[in-house]
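Worksheet: the structure to be examined is printed underneath.
A quick note: this is a predicted structure, and the numbers were derived from the prediction, not measured.
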Amino acid sequence: MVPGARPTTTRYDRIVAAAALALSLALGRLPLRRQIAAVRLLRGLPHAGLARLEALNAAVLAVAPVWWRGRIACMEVSRATVIAAALTGRQAHWVLGARFLPDGAHAWAEVPEGAVGRDTGDAVDRPWMPALTVP
């Protein structure tokens, strides 16, 4: 993907993603334990397919405003992807993970078929290990 280019998504997905991103940014103001409790409320839905989760993740990235002065990184995008899946009647897991050498933390969305946003950059030789999976 070309830097600065935005992925092509459907209008419906962008509307859902915009609502999910707004909710994700609002949840980001809460302590982490409250964020986890809020995402846990989304359990009980059937799991989304990997292709659908990838489409929702692309829509969240497409609607992320460039003028936003706050943080919109892996945690906010993955949480918004999980919320977008719930808004469409599907469930995805919000995963918080870590790795060693170099130390780091990362968040991604996951379904039984696979993960979205997990293997970025140099994650091939230094994989991310899940530390917490919600719900």
Side-chain angles (χ1 to χ4, degrees):
M1 185 164 63
V2 178
R6 296 199 177 233
T8 306
T9 58
T10 66
R11 184 175 183 189
Y12 174 75
D13 284 351
R14 287 193 310 270
I15 292 169
V16 170
L21 185 59
L23 288 170
S24 176
L25 292 174
L27 281 174
R29 309 277 297 163
L30 299 174
L32 183 60
R33 63 188 157 97
R34 299 283 185 209
Q35 295 175 38
I36 292 168
V39 173
R40 277 202 176 121
L41 295 174
L42 306 176
R43 65 180 163 210
L45 298 169
H47 281 97
L50 182 58
R52 183 68 183 132
L53 195 64
E54 288 173 346
L56 290 171
N57 189 59
V60 168
L61 292 172
V63 300
V66 294
W67 50 264
W68 182 259
R69 295 184 64 151
R71 172 189 153 101
I72 299 180
C74 61
M75 188 173 223
E76 292 77 18
V77 170
S78 61
R79 187 173 51 230
T81 303
V82 170
I83 293 170
L87 290 175
T88 60
R90 298 294 177 182
Q91 175 185 347
H93 299 287
W94 185 38
V95 184
L96 306 177
R99 72 173 178 194
F100 298 105
L101 300 174
D103 296 341
H106 188 51
W108 61 92
E110 191 171 78
V111 290
E113 297 173 25
V116 172
R118 179 178 183 170
D119 298 322
T120 58
D122 58 353
V124 176
D125 59 340
R126 292 182 298 272
W128 296 103
M129 301 301 296
L132 175 69
T133 301
V134 183

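Panel note: side chain His106, backbone Met75; no donor-acceptor pair is recorded below 3.5 Å. For the pair His93 (side chain) and Pro135 (backbone), a donor-acceptor distance under 3.5 Å is present. For Glu110 (side chain) and Val95 (main-chain N/O), no donor-acceptor pair under 3.5 Å exists by modelled atom type. In this structure, the side chain of Arg79 engages the main chain of Ser24 through a donor-acceptor pair within 3.5 Å. Without hydrogens or angle criteria, Glu113 side chain to Leu50 main chain gives a donor-acceptor distance under 3.5 Å.
Considering CG of Leu53 and OG1 of Thr81, their distance stands at 6.5 Å, rounded to 0.5 Å. Here the CG-CG distance, from Leu32 to Leu27, works out to 11.0 Å after rounding to the nearest 0.5 Å. A distance of 8.5 Å separates CG of Leu21 from CD of Glu76, quoted to the nearest 0.5 Å. Here Asn57 contributes atom CG and Thr9 contributes atom OG1; the two are 11.0 Å apart, rounded to the nearest 0.5 Å. Note: Leu87 CG to Leu23 CG = 6.5 Å, rounded to the nearest 0.5 Å. In this structure, CH2 in Trp94 is found 6.5 Å from OG in Ser78, a value given to the nearest 0.5 Å.
Across all their heavy atoms, Glu54 and Val116 have their closest contact at CG-CG2, 3.6 Å. Residues Val134 and Arg40 come closest through the heavy atom pair CG1-CG, 3.5 Å. The two atoms that bring Val16 and Ala84 nearest to each other are CG1-O, 3.7 Å, heavy atoms only. What you find for Leu30 and Gln35 is that their closest heavy atoms are O-NE2, 2.8 Å. In this structure, Ala55 and Asp13 approach most closely via the heavy-atom pair CB-OD2, 4.0 Å. The nearest pair of heavy atoms linking Ala80 to Ala20 is O-CB, 3.2 Å.
Between Val77 and Trp108 there is no side-chain heavy-atom pair separated by less than 4.5 Å. Two residues are said to be in side-chain contact when any heavy atoms from C-beta on lie closer than 4.5 Å; Pro65 and Ile72 meet this criterion. Residues Arg90 and His47 have side chains not in contact (no heavy-atom distance under 4.5 Å, counting atoms from C-beta outward).
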Leu56 vs Arg52, side-chain contact (heavy atoms from CB on, under 4.5 Å): CA-CA, chis, key distance, verdict
CA-CA 6 Å; Leu56 290 171; Arg52 183 68 183 132; 3.7 Å; yes
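Stacking of Arg118 on the aromatic ring of Trp128 is not recorded, the 6.0 Å distance cut-off and the 45° axial limit not both being met.
Counting non-hydrogen atoms of other residues, nucleotides and ligands closer than 6.0 Å to CZ of Arg29 gives a total of 12 or fewer.
A continuous path of ILVMFWY side-chain contacts below 4.5 Å connects Val63 to Leu61, so both sit in one hydrophobic cluster. Using a 4.5 Å cut-off between side-chain heavy atoms of Ile, Leu, Val, Met, Phe, Trp and Tyr, with links allowed through other members, Ile83 and Tyr12 fall into the same hydrophobic cluster.
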